[in-house]
Asks: 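Pasting a structure below so you can have a look.
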Amino acid sequence: MPELPEVEMVRRRLDSNCVGKRILKVDVIDDGILDHISASRLAKALKGNTIVSVRRIGKQLFVEIESGKVLTVHLGLTGDVDCPPTLPDGERWMRFALGFDDGTALAYYDLRKFGAVGLATSIDDFVKRRKLGPDALSITENDFLARVSAHKKSIKSVLLDQHIVAGIGNLYADEALFQARLHPLTNASKIQARRLRLLHEVLLAVLRASIAVETDFERLPSGYLLRERRKGAPCPRGNGHLVSIVAAGRTTILCPRCQRLPRAFAEGAH
DNA sequence: AGTACCACCTGACGGC
DNA sequence: TGCCGTCAGGTGGTAC
């Protein structure tokens, strides 16, 4: 379930449970989740190191260690990281684990194995190599406007593109577009500047609200699409019912009355 | 270069 | 009950 708010919850969990601890054991249960590195090379780089900090850009986690190297962690579609009191053994879906000097552990779970664990020279180096865009919570309004309006594809696929802005996934894209009353298929380069400023503003509000309720959508204020995001559910503004379309190849839920698509603004129109 | 599409992997769910 | 098709919140590579 991990988009920016979910990954931020994991970051905070690791920050309060792992920083300052020394890695004694590196347990690679399934090397299919390793990102272009062997289990032995990763273990060698990590063992004996103390964890210095845990950072996040978009959906990407960075665990910085004493040596200066960085353990990179991505949760994919179904990943999660836990900090159990002892090193687990044989748990379902556990793919990777670290054992610390105080007996506690870090355990990485990933049912579908779309996630990845790797090693980087530095956060900057990783960001450059992957061309990762600025984090959705930190990007300035001007940068957001410039980056988003530079693309002619649909606003939905722009929001999902981690090279443009990092951290937004299918669900939060739908929520932000609903809040900004933008149709997902609107050509991003044709959206007025003031509407893009609104989109930036609601995007920040949505991400912050989700973090505030610890990503429990049921606790979101009324008026949020995420409380009941499904085809046929009532529009949170009371404007009829939600529908489902495919945008950017993904299931997209919207309110056809709140989110109109002017013909001239459609993707591909000119 | 920019955009569109598929594959990667496993499980849950609805229909027959 | 059981089998089958469909769908799921991400991303990288490949093919236009």
Side-chain angles (χ1 to χ4, degrees), chain A residues 1-10 29-36 56-61 72-81 91-96 108-118 126-133 135-136 147-178 184-190 203 206-207 209-211 213-218 220 224-233 242 244-254 266-270:
Chain A
M1 347 142 3
E3 299 184 39
L4 189 154
E6 289 78 10
V7 178
E8 174 62 15
M9 301 307 292
V10 171
I29 297 106
D30 186 334
D31 59 15
I33 54 103
L34 293 186
D35 193 2
H36 301 288
R56 179 193 58 73
I57 298 176
K59 303 169 195 169
Q60 183 67 50
L61 282 168
T72 61
V73 178
H74 196 290
L75 303 179
L77 262 184
T78 53
D80 195 15
V81 184
E91 282 203 308
R92 193 135 110 119
W93 304 319
M94 186 169 76
R95 314 293 184 191
F96 173 81
Y108 173 91
Y109 303 85
D110 188 7
L111 185 158
R112 285 172 74 184
K113 296 195 271 188
F114 286 175
V117 171
F126 182 94
V127 167
K128 278 192 186 122
R129 280 177 196 276
R130 302 290 176 93
K131 300 184 167 67
L132 196 59
D135 184 78
R147 286 175 161 269
V148 169
S149 61
H151 298 268
K152 293 178 180 171
K153 53 184 179 178
S154 70
I155 184 63
K156 170 97 183 208
S157 66
V158 167
L159 290 179
L160 292 180
D161 189 335
Q162 305 299 299
H163 305 112
I164 302 172
V165 180
I168 308 160
N170 201 29
L171 297 192
Y172 292 98
D174 280 3
E175 182 68 62
L177 291 173
F178 171 74
L185 294 179
T186 312
N187 180 328
S189 68
K190 303 209 166 160
L203 180 60
V206 165
L207 296 173
S210 179
I211 292 170
V213 298
E214 296 168 302
T215 72
D216 177 357
F217 295 163
E218 291 180 10
L220 285 170
Y224 270 76
L225 186 75
L226 290 175
R227 284 164 48 117
E228 205 183 351
R229 177 186 171 275
R230 62 174 176 80
K231 175 172 64 173
L242 305 178
S244 171
I245 66 170
V246 173
R250 318 293 302 283
T251 298
T252 299
I253 305 292
L254 71 144
E267 189 186 8
H270 48 92

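Reminder, nothing fancy here: chain letters follow the sequence lines and each chain counts from 1. Since we're looking at a predicted model, the values are computed, not measured.
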Asks: Would you give a per-nucleotide map of nucleotides 10-16 of chain C, 5' to 3', where B means the base has a protein non-hydrogen atom under 4.0 Å away, S means only the sugar-phosphate does, and - means neither?
Replies: BSS----

Asks: Side-chain contact, heavy-atom cut-off 4.5 Å: A:Asp135 with A:Leu4?
Replies: yes

Asks: Tell me whether A:Asn170 contacts the main-chain N or O of A:Thr251 through its side chain, where contact means a donor paired with an acceptor under 3.5 Å.
Replies: yes

Asks: Hey, are A:Asp31 and A:Arg95 close enough for a salt bridge, meaning a charged N less than 4.0 Å from a carboxylate O?
Replies: no

Asks: Compare side-chain N and O positions of A:Trp93 against OP1 and OP2 of B:dG11 and report whether any pair is under 4.0 Å apart.
Replies: yes

Asks: Tell me, please, which residues at least two apart from A:Asp161 pass side-chain contact (heavy atoms from CB on, under 4.5 Å).
Replies: A:Lys153, A:His163, A:Ile164

Asks: Between atom CZ in A:Arg230 and atom P in C:dT6, what is the gap in whole Å?
Replies: 22 Å

Asks: Between A:Glu175 and A:Tyr224, is there a side-chain donor-acceptor contact under 3.5 Å, judged purely by atom types and distance?
Replies: no

Asks: State which residues pass side-chain contact (heavy atoms from CB on, under 4.5 Å) with A:Ala116; sequence neighbours excluded, sorted by chain then number.
Replies: A:Asp35

Asks: Counting side-chain heavy atoms from CB outward, which of C:dG9, B:dT3, B:dA4 is closest to A:His151?
Replies: B:dT3

Asks: Using side-chain contact (heavy atoms from CB on, under 4.5 Å) as the criterion, list what pairs up with A:Leu111, not counting sequence neighbours.
Replies: A:Thr78, A:Trp93

Asks: Which residues pass the ring-ring contact (aromatic ring centres under 6.0 Å, His included) test with A:Phe114, sequence neighbours left out?
Replies: none

Asks: In dot-bracket, 5' to 3', how would DNA chain C read with Watson-Crick or G-U wobble pairs under 3.5 Å, [ ] for crossing ones and | for pairs to another strand?
Replies: .|||||||.|||||||

